[in-house]
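A short worksheet on the structure shown next.
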Amino acid sequence: MSELPLRAQLAAALGKGAASLSRATGRGDGSVIGGRVALKVEPDLLAKLARGRRLTLVSATNGKTTTTRLIAAALRELGEIATNEHGANMPTGHITALANSPDARIGVLEVDEKYLPQVLRETNASVVVLMNLSRDQMDRASEINLLAKKWREALQKSETHVIANADDPLVAWAGLGARYATWVSAGQRWKEDSWCCPECGGHLKRDPDPHWECPECGLRRPEATWAVDNATDSVVDPNDQRMPLQLNLPGDANRANAAIALATAAAYGIHPKQSLPRLREIHSVAGRYTSVVTNGVEVRLLLAKNPAGWLESFAVLDPPRVPVILSVNAQIPDGKDTSWLWDVDYTVLRGRRVFVMGERRTDLALRLETDEVPFEIADRVDQVIAGLKSEQPDLTKLDVIANYTAFQQIRTAYGRVQ
Amino acid sequence: MSDTSSRLRIVWIYPDLLSTYGDRGNVLILRRRAELRGIATEIVHVHSSDAVPVEGDIYLLGGGEDRPQILAAERLRADGGLKRAAERGAAVLAICAGYQIIGESYGDDADNPLPGVGILDVRSGRGETRAVGEIVADVDPNLGVGRITGFENHQGRTAIGPNAVPLSRTVRGIGNDGQTEGAYQGQVLGTYLHGPALPRNPELADLLLRWRVGAIPPLPPSWGERLHEERLAAAL
């Protein structure tokens with residue numbers, strides 16, 4: 001901090017004050033307001049705070065917060081890490097994260113997709129991690145083809161080292177703009193946004209999975225040096241060493257996140273054998289995948305914000321005996337448009353007890369009726385549990401899948417569980 | 001129904017190019033509302049590399065980003081199947097980007113006019129502002145649909161030529177130009193109500209079914225009607 005010019009020091013200090021106030025008054029984590037106050041005083045603050053540090057930026061539609069957390073855990077092998085672990089992923093949040101750790105020489109920052117070109121330009125980050133792009137809150141977010149193009153252009157102008165998922169055509173095309181790249185075969189379950197070639201618009205040939213190529217212009221999947229193997233729960237490194245993952249986070253999506261984190265740590269010189277034990281220590285991320293035990297029932301909270309996320313969540317649901325609550329809101333952070341509910345296939349929920357909640361539960365009700373999935377309308381998680389317990393006293397588990405503000409409401413009801 | 005089959009053939013055009021948000025909902029609701037009335041259906045997915053079959057009953061086109069939209073228009077024009085199907089009297093529901101490309105012309109991202117499929121007499125270009133949000137409109141009384149609600153998210157502005165008729169008058173939102181929303185010509189219908197327009201407006205789904213199978217019995221009200229009322233109340 002002492003190397004910072006006086007104005008930047010003042011800006012950072014004022015920001016911290018605002019952040020403490022926000023926390024003390026219970027309004028939030030303080031990450032956003034703190035950065036906003038600081039930026040007013042020193043508009044170049046992010047560039048100044050980034051100077052002299054080795055930063056990694058992490059962006060994607062899904063899994064940003066979790067992967068940022070995994071990478072930070074691995075890099076702690078090297079000492080203190082500056083990171084925005086509360087998911088405040090715009091420049092205000094980056095300023096707060098860097099200002100809070102003035103002595104950390106290494107930083108890992110989750111970055112909103114739209115802000116990635118700007119943040120890369122201002123921070124001159126050494127590593128950029130890119131995982132996936134899919135439809136998400138289109139009433140306020142950019143079209144993803146356009147996003148990929150902006151990523152590609154930003155990477156072409158930088159010296160950064162990209163670590164990216166080769167199996168997602170849009171992400172790979174963006175990453176191919178960079179001079180230095182490490183490719184990870186991290187998989188792609190949701191393919192509905194990548195049937196067309198990002199270069200020429202042709203219909204991609206996509207088999208055998210995960211291979212893809214464009215028959216018209218010849219663009220093809222880059223050769224990956226790291227790979228996830230979901231069938232054996234393992235990762236294969238560039239030396240063809242196969243290592244069991246054995247994470248405490250569920251599902252294929254988290255295996256992909258972990259493989260990307262291992263490749264990133266390796267770029268910092270940390271061997272996966274050193275990183276893996278650190279990744280296994282993580283059981284939940286900002287409340288995601290947390291289990292809360294209430295009334296003798298273990299309630300697991302799954303955040304899913306868009307069709308690709310819902311598809312991943314369905315894949316990690318416990319066996320069919322476990323009931324599930326689906327909760328959907330349509331506030332600004334969720335996207336005001338619930339059309340995406342129709343992109344998800346709910347037939348996999350047949351045979352399971354399903355409850356629908358949230359401000360847009362009528363949309364969910366019609367959606368489930370159309371897929372012929374029986375459901376019940378609910379108001380609150382604790383009421384569902386009480387009702388279930390009276391019918392089924394031996395009930396021990398319940399899953400909850402919710403989109404952003406619906407998830408936060410439920411999480412807050414359980415005391416902002418981490 | 002079509003001459004060659006006793007099933008109602010629902011043809012989804014280019015889900016790989018035009019399926020931005022929930023367009024699949026229209027296919028699912030048409031199928032459900034037909035089958036609840038004992039009408040057997042067949043769903044045909046036509047990918048961008050496939051020929052468009054001419055013998056379908058109801059053709060659906062969804063929304064898409066700029067580049068996929070241009071590619072879809074080029075392929076549909078070269079293929080010719082959709083135009084022949086419309087000339088044979090098939091019903092067509094085209095949404096957002098799909099609405100624009102079945103017209104006479106539409107604009108690319110720099111607003112250069114590009115030729116459309118030409119089965120609906122409308123011309124689209126780019127407006128100054130993006131229209132985003134809930135939309136409510138009163139449908140042409142000749143169609144017996146009433147008030148429709150949906151979500152719009154587009155930058156297009158559409159002028160209706162002499163051979164087409166506005167689908168509706170806007171009560172809230174922008175639609176074609178702030179005055180009218182959508183257009184129809186015979187049994188070809190276009191709208192900016194993006195994504196699941198039919199799930200949110202069961203009467204509009206029934207209009208398409210009536211166009212192909214004639215009179216159909218009413219269905220008992222269910223979640224579709226509940227959602228329709230709820231969204232109208234929230235938007236007005």
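In what follows, chains are A, B, ... by sequence order, proteins preceding strands, each numbered from 1.
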Of the backbone (N, CA, C, O) and the side chain (C-beta and beyond), which part of [X] lies under 4.5 Å from a heavy atom of chain B, both, or neither?
X	result
A:Asn306	neither
A:Ile377	side chain
A:Glu216	side chain

Answer with side chain, backbone, both or neither: which region of [X] has an atom nearer than 4.5 Å to a non-hydrogen atom of chain A?
X	answer
B:Arg31	neither
B:Arg226	both
B:Leu71	side chain

Exercise for review: May I ask you to test the A:Val328-A:Arg361 pair for a side-chain heavy-atom distance under 4.5 Å?
Suggested key: no
Review point. Is the CZ atom of A:Phe314 crowded by more than 12 outside heavy atoms at less than 6.0 Å?
Key: yes
Exercise for review: Check the surroundings of atom NZ in A:Lys191: do more than 12 heavy atoms from other residues, nucleotides or ligands lie under 6.0 Å from it?
Suggested key: yes
Check your understanding: Step by step, would you call A:Glu113 with A:Lys64 a side chain to side chain contact (heavy atoms under 4.5 Å, CB included)?
Key -> CA-CA 10 Å; A:Glu113 302 91 284; A:Lys64 295 184 281 287; 2.9 Å; yes
Review point. With no hydrogens and no angle check, is any side-chain donor or acceptor of B:Tyr106 less than 3.5 Å from a backbone partner on B:Gly103?
Key: no
Check your understanding: Picking from B:Ser48, B:Ala234, B:Ser19, which has the most non-hydrogen pairs under 4.5 angstrom with chain A?
Key -> B:Ser19
Review point. Between B:Pro15, B:Pro196, B:Ser222, B:Pro68, which residue shows the highest count of heavy-atom pairs closer than 4.5 Å to chain A?
Key: B:Pro196
Practice item. Considering only heavy atoms and a distance below 4.5 Å, find which of A:Leu368, A:Thr338, A:Asp363, A:Asp193 pairs most often with chain B. Key: A:Asp363
**Study point:** Residue, of A:Arg360, A:Glu372, A:Arg367, that accumulates the most heavy atom pairs under 4.5 Å with chain B
**Key:** A:Arg360
Check your understanding: Relative to B:Trp12, does B:Arg24 satisfy both conditions: NZ or CZ under 6.0 angstrom from the six-membered ring centre, and within 45 degrees of the ring's axis?
Key -> no
Exercise for review: Test side chain to side chain contact (heavy atoms under 4.5 Å, CB included) on A:Phe407 and A:Ile410 and set out the steps.
Suggested key: CA-CA 5 Å; A:Phe407 180 87; A:Ile410 295 165; over 6 Å; no
